[in-house]
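Just so it is clear: chains get the letters A, B, ... in the order the sequence lines come, proteins before strands, and each one is counted from 1.
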Amino acid sequence: MLNHAKTGYCGVHSLKYSDKSVSENHVLDLLNVAVWAPNDGLREPWRFIFMGPGSTDIMRGLQEQAPAYLVLVVKEEHDLHKREEDFAATCCLMQNFRLLARENNLHVRMTMNDWIYDRTCAGRLGVQKDERIVAVLEMGYLEPTVEPAAAGNMPDLTFELL
Amino acid sequence: MDFMKTIQERRSIRRFRSSPVDPELVFTLLREAQQLYSSGEAAAFRCVYAGTPDSRERLAACMLEPMVKNRLVKWLPEKVRDFVRKRVTDIPGHLAVIAVTGPDRRESDLNYAAVCGIMQNFQLVAWQRRLGVLWDTEPMIQSKELFDLFQMKPEERLVGIFHLGFFDKMPKARARTRAEKKWTVLSGGGG
């Protein structure tokens with residue numbers, strides 16, 4: 001059983017972003033560390049689409065409101081096995097980015113909404129036929145008054161010995 | 001924890017020392033990796049660890065079976081088979097990570113992404129303890145023999161096998177492309 005649907009983290013939430021804008025340079029600085037993710041054959045299959053101050057309206061109706069968005073795009077190889085490796089590598093990069101953002105008090109909400117699977121929708125952002133969106137990161141700085149979310153219960157961990 | 005440093009310093013390790021990797025340590029690192037992943041985004045996965053000589057032999061045998069069955073490879077000299085077998089049995093630990101697939105593509109992707117995130121966390125916390133990791137994604141591991149060995153159910157998929165061990169030599173860095181070269185900024189619709 002998957003737990004995502006139950007936790008509903010992709011659903012309604014109540015984040016309060018501050019007015020502080022997310023600078024392109026700051027995101028690039030974090031990404032330049034995040035690109036040290038392991039990736040097969042050093043293909044570095046990812047690329048990034050950024051929407052910051054003045055352009056966030058592009059995401060209206062598709063994403064929750066946020067001061068900035070980062071779209072993670074992966075190139076899709078013909079070879080299905082490579083395709084899977086590249087998706088995994090981009091997920092590693094994304095995880096690096098989230099860890100770094102957390103260290104820098106930049107709040108990141110990872111989303112994989114249904115529209116990212118819609119070619120026409122993705123195409124409007126310039127995503128090519130041989131590419132796909134892995135995830136959209138909503139980013140911003142939180143109001144200082146907001147309490148950090150309480151840590152959830154420790155999830156199960158199944159660890160078997162062969 | 002200083003992730004800036006760890007993320008940039010981490011390397012995939014291919015040459016391991018022979019000293020054993022305690023399952024307790026592997027479990028602790030997995031826990032840390034899981035905790036580092038954002039709460040509220042639980043991932044559905046399980047792990048199988050082969051860290052004893054006997055379990056490594058069984059793993060090696062299963063890895064070799066498709067090769068032996070394959071007619072083309074049958075002609076390979078014993079030496080080559082031994083090389084492959086030894087490669088598996090000499091590495092102190094092998095951790096198979098198995099993810100659950102969801103009812104649709106989106107849910108499967110979400111869970112797969114979460115499991116990959118946890119696996120990246122594992123590589124980072126392992127690096128902080130000087131434990132080397134190689135994330136094996138070779139097509140060779142996607143075999144019926146291995147699926148049987150790990151008792152995989154139809155709705156499960158093998159994300160990868162981590163080869164684990166301590167190491168002496170740190171491999172050189174392979175430079176990465178700057179993010180600026182893969183960067184597009186979208187401007188507003190004029191509204």
Taking B/R58, B/R105, B/K181 one by one, which has the highest count of heavy-atom pairs under 4.5 Å against chain A? B/R105
Measure from the side-chain N and O atoms of B/T89 to the backbone N and O of B/E57, and report whether any donor-acceptor pair falls under 3.5 Å. no
Given a strict heavy-atom distance threshold of 4.5 Å, which part of A/D40 is in contact with chain B: side chain, backbone, both, or neither? side chain
Go through B/P139, B/A50, B/A113 and name the one with the most non-hydrogen pairs under 4.5 angstrom from chain A. B/P139
When the 4.5 angstrom heavy-atom criterion is applied to A/N104 and chain B, the contacting part is side chain
Can you tell me which portion of A/E44 sits under 4.5 Å from chain B's heavy atoms? Options are side chain, backbone, both or neither. both
Counting only heavy atoms closer than 4.5 Å, note whether A/F159 contacts chain B via side chain, backbone, both or neither. both
With respect to chain A, which residue among B/Q120, B/K182, B/R176 yields the maximal number of heavy-atom pairs within a distance under 4.5 Å? B/R176
Could you look at A/L125 and say if it's the side chain, the backbone, both or neither that has a heavy atom under 4.5 Å from chain B? both
Exactly one of A/R119, A/R83, A/R47, A/K75 clears salt bridge (Lys or Arg N to Asp or Glu O under 4.0 Å) with A/E131, and that residue is A/R47
Interface moiety of A/L70 toward chain B, non-hydrogen atoms closer than 4.5 Å: side chain
Quick one: which of B/V48, B/I7, B/V185 has the most heavy-atom pairs under 4.5 Å with chain A, could you say? B/I7
Where does A/Q95 contact chain B at under 4.5 Å (heavy atoms): side chain, backbone, both or neither? side chain
Looking at A/C91, A/P38, A/G52, A/A135, which makes the most heavy-atom pairs under 4.5 Å with chain B? A/P38
Quick check on the interface: out of A/V33, A/L31, A/L28, who has the most heavy-atom pairs with chain B under 4.5 Å? A/L28
Specify which of A/T158, A/D156, A/V35, A/L162 makes the most heavy-atom pairs with chain B at under 4.5 Å. A/L162
Check each atom of A/L100 against the heavy atoms of chain B and say whether the ones under 4.5 Å are side chain, backbone, both or neither. side chain
